[in-house]
Amino acid sequence: MTRLLPPDAAGIAEAAALLRAGELVAFPTETVYGLGADATNGKAVAAIFAAKGRPLFNPLIIHYASAEAAFADAMPTPLAVQLAEKFWPGPLTLVLERRGECRIADLASADLPTLAVRVPAHPIALALLRAAAIPLAGPSANRSGRVSPTRAAHVLEELEGRIAAVLDGGDCPIGVESTVLDLTPTPADLNGRFPRLLRPGGVTAEALAPFTGGALVTVGIDGTGGLLGPGMLASHYAPSLPLRLHAHDIGPDEALLAFGPALPGAKLVYQLSATRDLGRAAAHLFEGLRWLDHEAARAGLKGLAAMPIPEEGLGQAINDRLMRAAHLPTIPIFPPPYLA
Ligand code: AMP
Ligand code: MG
C-alpha cells in the first residue's frame, strides 16, 4: 500500500522520516513529481531503479536544499556558480564533476565521474529536503519509458504498491522536466564545445543564452543512432497509441492534441492552450498525453495527432518530449535556433 500524505507539517515530517529510513517517497517539484530516495544510501537508490524499471546506466538527478549543499558533492565551475545564483532554486540541472569527498552513492550517477545536481523551487520539495536533511535522488515518478507525472494521482497510477508514499502537492506548475546542462569538459570536446544542453526543459535556451552563448543542443540520439549522453533514450515519454507530429489535418481514427484553435473534424480533443500560450501548454503536456491516450483507446481510436508547436521558449522542451513520445530521433540542432 502506498500512502498519500498531505503537504502539511505532519505529512512532510512523515515523508522525511520514511526517506531517512531508506524508503521511497514521491514528492512534488515545480517541474514534475520526483521519486525520492536518500541519495547517500546505495540500497535506497537501487530501489528507485527497481520501482521504475529504469536501466542502471541512466543516471539520476540529485536534489538539494541549497547551492552550498549541492556544491559540497559536485565541484562548481565559475559558470556553475553564476547559473546557480541566477536560476536556483529552479528547473535547471547542472552536470558537474564529482568531488573526491562526494557522499552520493555511485549507482545514483551510474558510476560516472560526474553528478547532476539541482535545487528545486517548489516550496514542498524544499521543505522536504530541509526536513530530511539529506540529498534526494529524484527521477520522475513514473515507470521507465512512460509519461512523467504532474499530479499525485498520476504517481499512484504508475507506482501504487511499489513505493512507501506520495506527498500530494497538487499540480506541478511548470509541467516539463528540468533543463539539463553539462558543464564538464568530458567527454572531451563532444561536438567541439561545452557547456552542452543535454535536455531542453523548464529554463529556456533563450534564458540561458546570455550565460552560455555556445551551448549546443545534443539531446537524444545522433544521425547514426548513437547515444550522445547517458540516459538519452530515444523513447522516454511514450503514450501507448502512436503519435503523429506537425499535424495539419486529422484522420478519422485519430485524437487531437491541439495547440491553438483545434483542427476541424477531430472527435476527441485535448487543448494544450487555445491562446497558444507555451507556459500553459508545457504545464498541461503530460496530463494531456495521458488523458488523450486513455480516452482515445477507450473510444476505439487508433492514434494521436499533435498540432505544430513553435520551437521557441518552452516550445523547445515541449517538442523534445513530443519527439520522444513519437519515437523520433531528437537529433542535435546546430547551431541552436537562438544562435542561427
Ligand atoms: P530523469 O531523472 O528521468 O528526469 O532523467 C535525468 C536525466 O538527467 C538523465 O536522463 C540524464 O540525461 C541526465 N543526467 C543525470 N545525471 C547525469 C550525468 N552524471 N551526466 C549526464 N547526464 C546526466
Ligand atoms: Mg524521467
Side-chain angles (χ1 to χ4, degrees), residues 24 26-37 39 45 48-49 51-64 70 73-75 77 80 91-99 102 104-118 120 125 135-150 154-155 158-159 172 174-187 190 194-203 215-221 227-238 285-286 289-290 317 320-321 324-325 330 332:
L24 303 185
F27 62 99
T29 78
E30 75 277 27
T31 59
V32 302
Y33 274 75
L35 179 55
V45 170
I48 285 186
F49 287 91
K52 283 180 60 91
R54 182 173 172 115
L56 290 178
F57 56 78
N58 193 354
L60 308 176
I61 294 169
I62 314 303
H63 295 71
Y64 293 87
D73 286 330
M75 181 70 88
T77 62
L92 177 66
T93 295
L94 300 177
V95 176
L96 301 170
E97 282 174 13
R98 266 176 178 262
R99 283 187 187 270
C102 179
I104 303 304
D106 289 333
L107 179 60
S109 51
D111 270 334
L112 294 166
T114 57
L115 198 65
V117 297
R118 153 166 128 86
L136 295 179
S140 50
N142 51 279
R143 302 275 196 112
S144 192
R146 305 237 321 145
V147 174
S148 294
T150 55
H154 298 164
V155 177
E158 297 283 327
L159 296 169
C172 299
I174 292 179
V176 290
E177 297 86 346
S178 61
T179 302
V180 180
L181 195 62
D182 188 345
L183 300 183
T184 66
T186 55
L190 175 69
F194 67 96
R196 303 183 300 278
L197 186 56
L198 296 185
R199 175 174 79 183
V203 171
L216 282 185
V217 179
T218 57
V219 180
I221 56 177
L227 292 178
L228 284 173
M232 297 289 146
L233 303 182
S235 156
H236 209 116
Y237 302 92
L285 175 66
F286 290 137
L289 279 174
R290 230 170 239 284
D320 172 76
R321 306 311 186 268
R324 288 161 191 264
T330 54

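Note that ligands are numbered from 1 as they come in the structure, with each ligand's atoms numbered from 1 the same way. Bear in mind the structure is a predicted one, so any value in this text is a computation, not a measurement.
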_Proximal ligand 1 atoms for I61, defined as those under 4.0 Å from one of its heavy atoms_ = 6 (C), 8 (O)
*Among all residues two or more places apart in sequence or in another chain, which pass the side chain to side chain contact (heavy atoms under 4.5 Å, CB included) test with A37?*
L24, A44, I48
*R199 N/O to ligand 1 N/O under 3.5 Å*: yes
*asked:* Would D182 count as being in polar contact with ligand 1, using the rule that some N or O on each side must be under 3.5 angstrom apart?
replied: no
_Would you say the Mg ion (ligand 2) has S140 as a near neighbour, meaning an N/O/S atom of that residue under 2.8 Å away?_
yes
*asked:* To check you understand the geometry: which heavy-atom pair defines the closest contact between G34 and T29, and what is its length?
replied: N-CG2, 4.5 Å
*asked:* I want to confirm something. Looking only at heavy atoms, which of T114, T31, N58 is nearest to atom 19 (N) of ligand 1?
replied: T114
*Kindly indicate, with the supporting measurements, whether the criterion side chain to side chain contact (heavy atoms under 4.5 Å, CB included) is fulfilled by S178 and R199.*
CA-CA 8 Å; S178 61; R199 175 174 79 183; 3.2 Å; yes
*At a 4.0 Å threshold, what atoms of ligand 1 neighbour a non-hydrogen atom of P139?*
2 (O)
*Would you indicate which of A116, S144, A141 comes nearest to atom 16 (N) of ligand 1 when only heavy atoms are counted?*
A116
*asked:* Just to verify, what does T179 make a side chain to side chain donor-acceptor pair (under 3.5 Å) with, not counting sequence neighbours?
replied: none
*L198 heavy atoms, cut-off 4.0 Å: which ligand 1 atoms fall inside?*
21 (C), 22 (N)
*With heavy atoms of L60 as the reference, note each atom of ligand 1 found under 4.0 Å away.*
15 (C), 16 (N)
_Applying the side chain to side chain donor-acceptor pair (under 3.5 Å) criterion to E158, which one of R143, R290, K52 satisfies it?_
R290
*In terms of side-chain geometry, is the basic nitrogen of R118 or E177 positioned less than 4.0 Å from the acidic oxygen of its partner?*
no
*Taking it one step at a time, do C102 and M75 satisfy side chain to side chain contact (heavy atoms under 4.5 Å, CB included)?*
CA-CA 9 Å; C102 179; M75 181 70 88; over 6 Å; no
*Heavy-atom distance to atom 3 (O) of ligand 1: which of K52, R54, E177 wins?*
R54
